Amino acid sequence: PKRIFSGIQPTGIPHLGNYLGALRQWVKLQNEAKASTTLLFSIVDLHAITVRQDASTLFQMRKQMLASLLAVGLDPSKSILFCQSAVLQHAELMWMLSCNASVGYLSRMTQWKSKLNLRPNASPFDAPPSSNSREALKLGLFSYPVLQAADILLYNTTHVPVGEDQSQHVEFTRELATGFNHAFGDLLVPPQTILSPAKRVMSLKQPHKKMSKSAVNEGSRILISDTQEVVEEKIKVAVTDSVQGDITYEPKMRPGVANLINIAFYMDESGMQQRGLASPEQLAQTMQHLAFQDWKPAIADIIGKSLAPIRERYMDIMERDRQEQYLGKVQKDGASRAKAIAEPNLRRIKNAMGMGSFD
Ligand code: TYM
């Protein structure tokens with residue numbers, strides 16, 4: 001049977017990179033799953049604290065993320081939704097994997113290397129700029145991929161749906177599982193990656209960079225709770241290019257234009273299907289002769305309309321939470337279901353390593 005696991009950092013309300021690269025795929029997998037498939041989706045707060053977090057903000061963002069997962073269509077009766085820190089086995093398995101993870105491999109990981117070089121325009125939560133930057137980087141940030149591997153391997157996950165920026169971490173997880181199995185027997189399942197069609201959504205301000213939560217400029221991303229007006233404004237000032245003439249789909253030559261077309265296409269895939277449009281290129285063709293001042297509102301309209309029901313559900317969920325502590329219930333229930341899978345798996349792993357109980 002299939003077992004699907006993925007995680008998202010508690011960054012508050014997700015942006016369209018998270019949504020198109022991951023969340024929408026999660027919902028699709030959930031809705032198309034056979035009865036024998038288990039789906040687990042975790043808010044990875046232990047990963048979030050690898051950079052400094054303000055405690056009350058983090059608390060708030062964990063709730064906002066859970067509400068967002070529900071708002072996009074994840075259903076707690078079909079998927080197990082929980083906070084990583086509520087299932088202690090993640091941290092415990094991480095230690096065992098740490099003792100089998102090579103420092104060399106970890107130091108070659110892209111995310112770590114980018115932190116090493118990122119000093120001048122680092123986020124305010126990173127190491128203080130005045131200190132010796134390398135020395136100040138935290139151990140948890142270095143071992144981040146080991147915790148991610150623990151998340152995945154703890155549940156015998158077969159499939160991990162993520163955006164492209166996470167595929168290196170899943171590859172690392174596979175290597176770690178294979179190495180571990182070689183030493184201790186066939187216990188861990190090397191997982192496969194599932195990439196969504198919109199695997200890399202770009203920044204609205206710097207279309208050669210991915211859309212991200214950590215970019216300083218809020219205009220570089222659209223949140224799933226943005227209203228039609230906010231979406232219009234952000235699209236209006238999105239960076240495109242000064243090419244005269246037709247709208248064309250050329251991701252290499254015109255990354256800003258291609259990014260907006262991609263976003264619009266993937267936001268409303270069913271609408272596109274109804275219009276007989278099978279690819280972003282075909283959507284671009286229908287817009288070919290629009291002037292920029294007409295084209296951008298057309299893009300914003302597709303995005304805004306697709307977000308409206310999500311935003312409404314988000315408000316409803318928050319209201320329900322105020323009335324009956326709904327999010328707390330969903331989290332608790334998810335965590336106990338996750339634990340029921342994690343516990344026996346971890347016990348087997350400990351037994352195999354010589355840490356079984358004496359009785
Ligand atoms: P995170 O929280 O940065 O992102 C969550 C998901 O969103 C995807 N994503 C994007 N996809 C396309 N375009 C973008 N611009 C974009 N930005 C983000 C990410 O690929 C991801 O799928 N380390 C992970 C969280 C994690 C995890 C796990 C994932 C922890 N443990 C186990 C899978 C399995 C992360 O920081 O994702």
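Numbers for residues simply follow the sequence, beginning at 1. We count ligands from 1, going down the list as the structure has it; atoms in each ligand are counted the same way. Remember, it's a predicted structure, so these values are computed and weren't measured experimentally.
Just one of Ile152, Leu39, Thr38, Val160 meets the side chain to side chain contact (heavy atoms under 4.5 Å, CB included) condition when paired with Arg3; it is Thr38. Remark: of the listed residues Pro280, Ser306, Ser196, Pro280 is the sole one forming a side chain to side chain contact (heavy atoms under 4.5 Å, CB included) with Tyr266.
Those atoms of ligand 1 with a heavy atom of Ile8 less than 4.0 angstrom away are 2 (O), 5 (C). Proximity to Ala22 (heavy-atom distance under 4.0 Å) selects the following atoms of ligand 1: 6 (C), 7 (O), 22 (O). Close approach to Lys210 involves these atoms of ligand 1, each under 4.0 Å from a residue heavy atom: 15 (N). The distance from ligand 1 to the heavy atoms of Lys199 drops below 4.0 Å at these ligand atoms: 11 (N), 12 (C), 13 (N). Listed by number with element, the atoms of ligand 1 under 4.0 Å from a non-hydrogen atom of His15 are 17 (N). In summary, the atoms of ligand 1 found under 4.0 Å from a heavy atom of Arg200, numbered by their order in the structure, are 12 (C), 13 (N).
In this structure, atom 31 (N) of ligand 1 lies nearest to the protein heavy atom Asp151 OD2, 2.7 Å. When hydrogens are left out, the protein atom nearest atom 25 (C) of ligand 1 is Gly7 O, 3.6 Å; that is the closest non-hydrogen contact. Looking at atom 2 (O) of ligand 1, its nearest protein heavy atom turns out to be Gln9 N, 2.8 Å. Of all protein heavy atoms, the one lying nearest to atom 27 (C) of ligand 1 is Gln148 NE2, 3.4 Å. Of the protein's non-hydrogen atoms, Gln166 NE2, 4.4 Å is the one closest to atom 3 (O) of ligand 1. Nearest protein heavy-atom neighbour of atom 13 (N) of ligand 1: Val201 N, 2.8 Å. Looking only at protein heavy atoms, the nearest one to atom 36 (O) of ligand 1 is Tyr144 OH, 2.8 Å. Residue, atom and distance of the protein heavy atom nearest to atom 22 (O) of ligand 1 are Gly163 N, 3.1 Å.
A donor-acceptor pair under 3.5 Å links the side-chain atoms of Ser107 to the main chain of Gly104, judged by distance alone. Judged by distance alone, with hydrogens and angles left aside, the side-chain atoms of Lys296 form a donor-acceptor pair with the main-chain N or O of Lys236 at under 3.5 Å. A donor-acceptor pair is defined here as one N or O able to donate and one able to accept, closer than 3.5 Å; no such pair exists between the side chain of Lys210 and the backbone of Arg200.
For the residue pair Glu232 / Gln228, a side-chain donor-acceptor distance below 3.5 Å is found, with atom types taken as modelled.
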For this session: Decide side chain to side chain contact (heavy atoms under 4.5 Å, CB included) for Asp268 and Lys305; before the verdict, give the C-alpha distance in whole Å, the side-chain angles of both, and the deciding distance to 0.1 Å.
Result: CA-CA 9 Å; Asp268 185 24; Lys305 283 216 173 80; over 6 Å; no
For this session: Could you check Ile299 against Met287 for side chain to side chain contact (heavy atoms under 4.5 Å, CB included), going step by step and ending with a plain yes or no?
Result: CA-CA 10 Å; Ile299 294 283; Met287 299 178 145; 4.0 Å; yes
Exercise. Please walk me through it: do Tyr155 and Val189 pass side chain to side chain contact (heavy atoms under 4.5 Å, CB included)?
Worked result: CA-CA 9 Å; Tyr155 300 100; Val189 178; over 6 Å; no
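In terms of N/O distances under 3.5 Å, ligand 1 is approached by Asn18. Residue-to-ligand polar distances keep Val160 apart from ligand 1: every N/O pair is separated by 3.5 Å or more. Ligand 1 has no nitrogen or oxygen under 3.5 angstrom from a nitrogen or oxygen of Glu164. Every N/O-N/O distance between Val44 and ligand 1 stays at or above 3.5 Å. Ligand 1 has a nitrogen or oxygen under 3.5 angstrom from a nitrogen or oxygen of Asp165. Residue Ser6 has no nitrogen or oxygen atom sitting less than 3.5 Å from a nitrogen or oxygen atom of ligand 1, judged on distance alone.
The number of heavy-atom neighbours closer than 6.0 Å to CD of Gln325, taken from other residues, nucleotides and ligands shown, is 12 or below. For Tyr105, the OH atom counts as densely surrounded, since its 6.0 Å shell holds more than 12 non-hydrogen atoms of other residues, nucleotides or ligands. Within 6.0 Å of atom CD in Glu218, 12 or fewer heavy atoms from other residues, nucleotides or ligands are found, so the atom counts as exposed in its surroundings.
Residues Ser79 and Phe41 share a closest heavy-atom pair of OG-CE1, 3.6 Å.
Contacts of Ile152 with ligand 1, taken as heavy-atom pairs under 4.0 Å, involve the side chain alone. Contacts of His47 with ligand 1, taken as heavy-atom pairs under 4.0 Å, involve the side chain alone.
Between the choices Gly17, Gly21, Ser214, the shortest heavy-atom distance to atom 9 (N) of ligand 1 belongs to Gly17.
Note on Ile222 and Leu260: same hydrophobic cluster, where clusters join Ile, Leu, Val, Met, Phe, Trp and Tyr whose side-chain heavy atoms are under 4.5 Å apart, directly or indirectly.
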